[in-house]
Amino acid sequence: MTRPRIVVVGAGFAGLHALRRLERRIPQGAAEIVLVSPNDYMLYSPLLPQVASGLLTPQSLAVSLHRLLRRTRMVPGSAIGIDPERKVVVVKKISDEVVCEPYDRLVLAPGSLTRVFDIPGLTEHGFGNKNLAEAVVLRDHVLAQLELANATDDPVEREERCRFVVVGGGYTGVETAASLRRLTMEAAKRYPDLRRVIRWHLVDIAPRLLPELGTNLGEEALDLLRGLDIEVKLEVSVREVTEHKVALTDGRVLPCRTLIWTAGTSPSPLMESLGAPTERGKLKVGTDLVVPDQRDVFAVGDAAAVPDLSKDDEGALCPPTAQYAQRQGVTVADNVVASLLRRPLRDFSHRDMGLVVDLSGRDAVARPMGYDLSGLPAFAVTRAYHLWALPSGPARARVTANWLIRALTGGEVSRLGFAHGKPSTFVDIEAGHYLDAAASRKESARLLDAADA
Ligand SMILES: Cc1cc2nc3c(=O)[nH]c(=O)nc-3n(C[C@H](O)[C@H](O)[C@H](O)COP(=O)(O)OP(=O)(O)OC[C@H]3O[C@@H](n4cnc5c(N)ncnc54)[C@H](O)[C@@H]3O)c2cc1C
């Protein structure tokens, strides 16, 4: 009898925790476990704003998969298609070679991408903060603007380069705006003439910031941002972006060369390639995380529409957060094992434990288990939470060391030179994941036909 093959696509919060659980639950040699992932690390994305601000080195958030996974065979590449009839995943390796990976059970956990809206100029000029490359490029770009502003006598260019607009009042936008604002304050110590010119804006179409935190903490976060001299505009969005300006829907036109786009995410386009029902791009699954009518395929994390059993509302879905993705990873591994053993599967259920938002420096707001915290207690809880949630000891040590080094030696504001002259918008950097569905389907079909022949 051949060993069953379990293929996991994606090693983020959901994929990594699924793989660790599978390795723990399945006896050595009883099944083959395969991971398809473009990277050999798991990214701890909640701390990305601290990479953008230079508080953490990029390596501290890249948690080594080789260190954590002992029995998983890794295929370095991206899944570009799935054929549920033949039970194969089509994978484009990082070498561009396209191969088929057969499965007996498939776990889809490819996460999400920065959400693109139909706003003129957005895809050409918007910067993102969703992965390590974007965080590093963003930091370089922001620091380069100040250097260039300092080096010019043209007051218009100076104003454009010293103005920064962040779009999105969720945790990513708020944390990114606060941490980069502090970076520019630090850098401006070298450029006294620029101090009065530097402007930061945060805009969101919603009437409140951080709605997940409730009214009081949302207001608290708003006050903290305003205290950092960030102009926050709510119920406003972006109408147009060009190289030299950002036009807002309230009619204002801001001279600006940096638009940071954090207004939401959209599920990986891979989910559409299965041909199964989706909800706003997320693959629909049952409470047992199985795709209906395809009992061998499971989906978890940001790219899956998982019913939220903790809510009374029948149509409620689990929120796209690390907290949920990680726990879904553990449940899906148990259900994969149960399905191989032909045992009953269990439902995924989790009650939200709250949210922590790091506003850089010593500022934070947090709502653990429904308790509103701000000031030093929120700062302590936020830092402790991240250390607890990082999935490996070495990663925890690296992050702690970075925080200590900053506390002892102050900030470092040198550019690394990554963005210089290269395409660096979020669309450029995430391009590999914006699957051209038609092209991928053709490429997959060609390979599968060749295999059949
Ligand atoms: C800046 C920022 C701050 C955040 N802060 C918080 C927070 O404070 N609290 C919280 O709970 N959540 C937070 N989140 C959200 C959280 O990071 C996500 O909800 C979580 O990462 C989702 O986990 P996932 O496993 O579904 O996807 P991910 O963690 O994104 O992992 C998906 C993986 O799949 C890989 N992949 C993608 N496409 C393919 C493919 N075709 N083939 C193979 N592999 C593929 C990707 O490279 C990636 O490694 C934050 C996110 C960001 C960006």
Side-chain angles (χ1 to χ4, degrees), residues 7-19 34-52 61-63 65 74-82 89-94 101 107-115 128-135 138 168 170-177 179 210 212-213 260 262 264-265 267-273 282-283 299-304 306 318-329 332 350 352-358 364-367 382 385-386 389 391 426 430 432-435 440:
V7 176
V8 176
V9 173
F13 279 89
L16 173 65
H17 284 88
L19 288 160
V34 178
L35 165 65
V36 177
S37 169
N39 303 315
D40 63 351
Y41 62 82
M42 178 267 190
L43 173 64
Y44 187 81
S45 35
L47 287 177
L48 273 176
Q50 299 193 9
V51 172
L61 299 191
V63 182
L65 295 177
M74 294 190 205
V75 180
S78 296
I80 59 166
I82 302 157
V89 183
V90 181
V91 180
K92 189 173 220 166
K93 290 192 184 172
I94 51 175
E101 287 294 333
V107 177
L108 295 171
S112 56
L113 299 170
T114 302
R115 189 158 157 214
N129 191 15
K130 179 103 180 72
N131 56 45
L132 278 181
E134 286 173 352
L138 182 56
Y171 44 73
T172 307
V174 167
E175 290 183 345
T176 302
S179 55
L210 300 166
E212 314 89 326
L213 286 182
I260 303 167
T262 67
T265 56
S268 163
L270 180 68
M271 299 320 237
E272 302 277 2
S273 72
K282 293 182 175 200
L283 190 60
V300 275
D302 280 10
V306 180
C318 294
T321 64
Q323 192 189 130
Y324 278 82
Q326 174 174 338
R327 286 163 179 83
Q328 286 166 8
V332 85
H350 171 65
D352 198 354
M353 287 161 49
L355 189 66
V356 295
V357 180
D358 189 326
V365 285
R367 196 180 212 193
T382 301
Y385 170 78
H386 287 308
F426 71 88
E430 295 177 32
H433 290 308
Y434 285 103
L435 293 183
S440 297

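Predicted, not measured: the structure shown is a model, and the values here were computed from it. Numbers here are sequence positions counted from 1. One-based numbering, in listed order, for ligands and for the atoms of each.
Neither the backbone nor the side chain of Val91 comes within 4.0 Å of ligand 1, counting heavy atoms alone. Under 4.0 Å from ligand 1, heavy atoms of Ser45 appear from its side chain as well as its backbone. Contact annotation for Phe13 and ligand 1: heavy atoms of both the backbone and the side chain come within less than 4.0 Å of the ligand.
When atom types are taken as modelled, the side chain of Gln328 and the backbone of Gly301 share a donor-acceptor pair closer than 3.5 angstrom. Side chain of Asn39 to main chain of Tyr41: no donor-acceptor pair is present (N/O by atom type, distance under 3.5 Å, no hydrogens or angles). The main-chain N or O of Leu270 is found under 3.5 Å from a side-chain atom of Ser273 such that the two form a donor-acceptor pair.
Of all atoms in ligand 1, numbered sequentially from 1 with element shown, those under 4.0 Å from a heavy atom of Pro320 are 19 (O). Each of the atoms 26 (O), 27 (O), 32 (C) of ligand 1 lies under 4.0 Å from some heavy atom of Gly111. Near Gln323, meaning under 4.0 Å from any of its heavy atoms, are these atoms of ligand 1: 11 (O). For ligand 1 and Asn129, the ligand atoms under 4.0 Å from any heavy atom of the residue are 1 (C), 53 (C). Ligand 1 places these atoms under 4.0 Å from at least one heavy atom of Ala109: 32 (C), 33 (C), 34 (O). Within ligand 1, counting atoms from 1 as listed, the ones closer than 4.0 Å to a heavy atom of Ala14 are 25 (O). Under a 4.0 Å criterion applied to the non-hydrogen atoms of Val36, ligand 1 contributes the atoms 43 (C), 44 (N).
Of the listed options Ala303, Ser37, Ala52, Ala79, Ala79 places a heavy atom closest to atom 42 (N) of ligand 1. Comparing heavy-atom distances from atom 52 (C) of ligand 1 across Val9, Thr172, Val75 singles out Thr172 as nearest. Of the candidates Pro319, Pro46, Pro49, Ala11, it is Pro46 that places a heavy atom closest to atom 7 (C) of ligand 1. Ranked by closest heavy atom to atom 46 (C) of ligand 1, the top entry among Ala18, Pro267, Pro110 is Pro110.
Rounding to the nearest 0.5 Å gives a distance of 13.0 Å between NZ of Lys93 and CD1 of Ile80.
Residue contacts with ligand 1 include Pro38, since one or more of its heavy atoms lies under 4.0 Å from the ligand.
Under the 3.5 Å distance criterion, with hydrogens and angles disregarded, a donor-acceptor pair is assigned to the side chains of Glu430 and Thr114. Residues His350 and Gln323 have side chains that bring a donor and an acceptor to within less than 3.5 angstrom of each other. With 3.5 Å as the limit, one finds no donor-acceptor pair spanning the side chains of Thr382 and Asp358.
Two rings, from Phe13 and Tyr44, have their centers less than 6.0 Å apart.
For ligand 1, the polar-atom distance check finds an N/O of Asp302 within less than 3.5 Å of one of the ligand's N/O atoms. Between Ala325 and ligand 1, no N or O atom pair is found at a separation short of 3.5 Å. Of the N or O atoms in Gly301, none lie within a sub-3.5 Å distance of an N or O in ligand 1.
The minimum heavy-atom distance between Leu48 and Ala135, with the atom names listed, is CD2-CB, 3.9 Å.
Side-chain contact between Val63 and Leu65: absent, with no pair of heavy atoms (C-beta onward) separated by less than 4.5 Å.
Checked options Leu210, Thr262, Leu213; the residue passing with Tyr171 is Leu210 (criterion: side chain to side chain contact (heavy atoms under 4.5 Å, CB included)).
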